[in-house]
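Notes follow once the structure below has been shown.
Along the sequence shown, residues are numbered consecutively beginning with 1.
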Amino acid sequence: MNELLIEKILGKPAVIFPPFIQKILEDAYDTPYMFMDIDAFNQLNDATKAKQTYWLEMLYRAHWAATSNLVRHTKWLDGCIASATFSPNFISFCSNLRGLLESATDAYSALGDVAETLANATHFIDDALALNPNGMLATSDELEKQLIHFNFARKLEKNETAPFEHRAKSVNDYILELDGPELPLRKLYSELCQVVHPAFQATSWLIEGKNDSYWITKPDDISPIQNICDRYANCIEFIQLASANTSFLIYKAINNFNCKELHNTAAEKINMSNNLIFQRMQLTTKLQRESKKPHADTIFERAQ
């Protein structure tokens with residue numbers, strides 16, 4: 001693998017992150033997730049069992065989302081690398097980069113608050129996993145919606161009946177959440193779409209001309225690939241960071257709880273001490289465990 005070429009095209013995250021992600025995924029694959037039927041859950045008479053079941057299932061869903069996001073991230077990034085280095089293909093590269101952009105903004109939108117929400121729920125999760133018979137069941141409707149949306153959202157068929165969380169937003173909605181002068185993600189996305197779709201940009205890169213004479217040249221795929229990556233270098237690095245760090249933070253949040261079957265040793269070894277979200281998570285968790293009380297800013301629904 002030509003790491004210098006990959007870094008030149010896709011930035012440092014394309015070289016630094018993949019080895020970490022590979023180790024994390026090897027640790028995460030084949031983790032079993034067990035979910036209780038909603039009717040069976042509603043019939044539980046044991047409040048202690050209900051608390052344990054609810055929060056275990058939230059941790060399962062979070063682990064599921066973090067893992068599936070990294071798999072998707074890896075597949076799109078592999079496509080970008082292959083079409084930019086091993087077998088240069090400008091159209092294929094734009095298609096893969098568009099996929100990476102879409103998946104990264106989706107993950108950031110749907111999962112960006114999950115790790116910190118779990119940290120804010122430390123008191124309730126500890127209580128549930130320890131089978132503490134005291135206290136009430138505290139739930140997070142917003143966390144449930146986020147995790148269900150990420151794993152199950154799709155374009156619904158006409159007249160299809162499905163929960164609201166299963167309805168996917170438009171790609172534009174996800175991208176607009178992060179778009180701005182310093183990160184013109186929408187402009188990048190538009191440019192990638194016009195290359196991938198049957199538009200002028202899909203063939204204009206093949207044409208050269210002088211005066212009134214034009215001709216189609218043998219494709220030089222590397223030049224247009226490098227051109228688009230140079231112009232949008234900040235965007236391309238950001239989407240890789242946003243996607244990978246979202247999953248890393250979720251694994252670290254899960255690793256803080258007494259749920260050994262979900263612990264990810266590889267994720268634990270990643271140093272995120274300079275990450276502001278991670279710093280807040282660590283402080284929140286520490287304060288709740290020292291005081292044995294919920295975080296002061298935590299708002300969760302409570303039911304008997």
Side-chain angles (χ1 to χ4, degrees), residues 24 27-28 30-69 110-152 163 165 246-268 272 277-304:
I24 288 172
D27 217 2
D30 301 319
T31 300
Y33 309 123
M34 295 160 285
F35 300 101
M36 183 178 291
D37 179 83
I38 186 63
D39 292 331
F41 178 81
N42 289 334
Q43 292 173 14
L44 283 174
N45 294 319
D46 185 344
T48 303
K49 179 64 176 176
K51 286 192 296 183
Q52 182 195 48
T53 300
Y54 177 84
W55 284 110
L56 267 178
E57 291 192 3
M58 287 301 102
L59 294 179
Y60 289 152
R61 291 189 186 280
H63 190 278
W64 178 348
T67 302
S68 56
N69 176 53
L111 304 178
D113 295 331
V114 168
E116 200 161 6
T117 302
L118 290 174
N120 287 338
T122 294
H123 174 80
F124 301 119
I125 299 175
D126 284 348
D127 181 65
L129 297 182
L131 292 173
N132 185 347
N134 301 315
M136 297 180 179
L137 168 62
T139 65
S140 175
D141 185 58
E142 188 59 32
L143 179 61
E144 292 178 48
K145 290 178 179 178
Q146 288 174 313
L147 294 172
I148 291 172
H149 178 81
F150 179 80
N151 286 320
F152 296 104
E165 292 75 25
T246 294
S247 286
F248 294 167
L249 287 166
I250 292 173
Y251 286 122
K252 284 188 172 292
I254 295 171
N255 283 351
N256 267 330
F257 299 110
N258 185 23
C259 188
K260 298 297 184 183
E261 66 267 32
L262 295 182
H263 283 194
N264 193 292
T265 304
E268 193 62 34
M272 301 191 76
I277 296 176
F278 181 73
Q279 292 173 7
R280 290 199 302 266
M281 288 166 53
Q282 292 296 88
L283 179 60
T284 297
T285 298
K286 180 175 182 289
L287 291 175
Q288 289 184 68
R289 286 182 172 154
E290 287 179 349
S291 65
K292 298 184 179 180
K293 294 179 181 179
H295 189 268
D297 297 328
T298 298
I299 300 176
F300 290 97
E301 300 171 6
R302 305 188 189 192
Q304 293 288 352

| field | Backbone N/O of Ala115 and side chain of Lys252: donor-acceptor pair under 3.5 Å | value | no

| request: Can you tell me which residue pairs pass the side-chain hydrogen bond (donor to acceptor under 3.5 Å, both in side chains) test with a partner in residues 34-44, sequence neighbours excluded? | output: none

| said: So which atom in Glu57 and which in Met34 form the shortest heavy-atom distance, rounded to 0.1 Å? | reply: CG-O, 3.9 Å

| Within the distance-only criterion (no hydrogens, no angle test), does the side chain of Thr122 pair as donor or acceptor with the backbone N or O of Ala119 below 3.5 angstrom? | yes

| query | Within a strict 4.5 Å, meaning less than it, do heavy atoms of the Leu111 and Leu147 side chains meet? | reply | yes

| query | Between Asn120 (side chain) and Thr284 (backbone), is there a donor-acceptor pair under 3.5 Å? | reply | no

| said: Strictly distance-based, threshold 3.5 Å: is any side-chain N or O of Trp55 a donor or acceptor partner for the main-chain N or O of Ala138? | reply: yes

| message | Any side-chain to backbone donor/acceptor pair from Gln146 onto Val114? Under 3.5 Å, distance only. | response | no

| said: Can you tell me how far apart CE (Met36) and CG (Leu44) are? Round to the nearest 0.5 Å. | reply: 5.0 Å

| field | Among Gln288, Glu290, Gln282, the one residue meeting side-chain hydrogen bond (donor to acceptor under 3.5 Å, both in side chains) with Lys286 | value | Glu290

| Heavy-atom closest pair, residues Ile250 and Ala66 | CG2-CB, 3.8 Å

| Under 3.5 Å, is there a donor-acceptor pair between the side chain of Asn264 and the main chain of Ile24? | yes

| task | Tell me whether the guanidinium CZ or amine NZ of Arg61 lies under 6.0 angstrom from the six-membered ring centre of Phe150 and within 45° of its axis. | result | no

| query | Hey, do the aromatic rings of His63 and Tyr251 have their centres closer than 6.0 Å? | reply | yes

| query | Which heavy atom of Tyr60 sits nearest a heavy atom of Pro32, and at what distance? | reply | CE2-O, 4.2 Å

| task | Can you measure from OG1 (Thr53) to CE (Met58) and round to the nearest 0.5 angstrom? | result | 11.0 Å

| remark: Value for CG (Asn69) from OG (Ser247), rounded to nearest 0.5 Å, stands at 3.5 Å

| note | CD (Glu268) and CG (Asp27) are apart, to the nearest 0.5 Å, by 11.0 Å

| query | Is the backbone N or O of Phe257 less than 3.5 Å from a side-chain atom of His263, with the two atoms forming a donor-acceptor pair by type? | reply | yes

| What distance do Leu131 atom CG and Lys51 atom NZ have between them, rounded to the nearest 0.5 Å? | 8.5 Å

| note | Nearest heavy-atom approach of Cys259 to Leu129 is CB-CD1, 4.4 Å

| query | So, do Leu143 and Leu118 sit near enough that their side-chain heavy atoms are less than 4.5 Å apart? | reply | yes

| task | Report the distance from atom OG1 of Thr117 to atom CD of Glu144, rounding to the nearest 0.5 Å. | result | 12.0 Å

| request: Taking Thr67 for its side chain and Trp64 for its backbone only, find out whether a donor-acceptor pair lies under 3.5 Å. | output: no

| query | Would you call the rings of Tyr54 and Phe41 parallel, tilted or perpendicular, where under 30° means parallel and over 60° means perpendicular? | reply | tilted

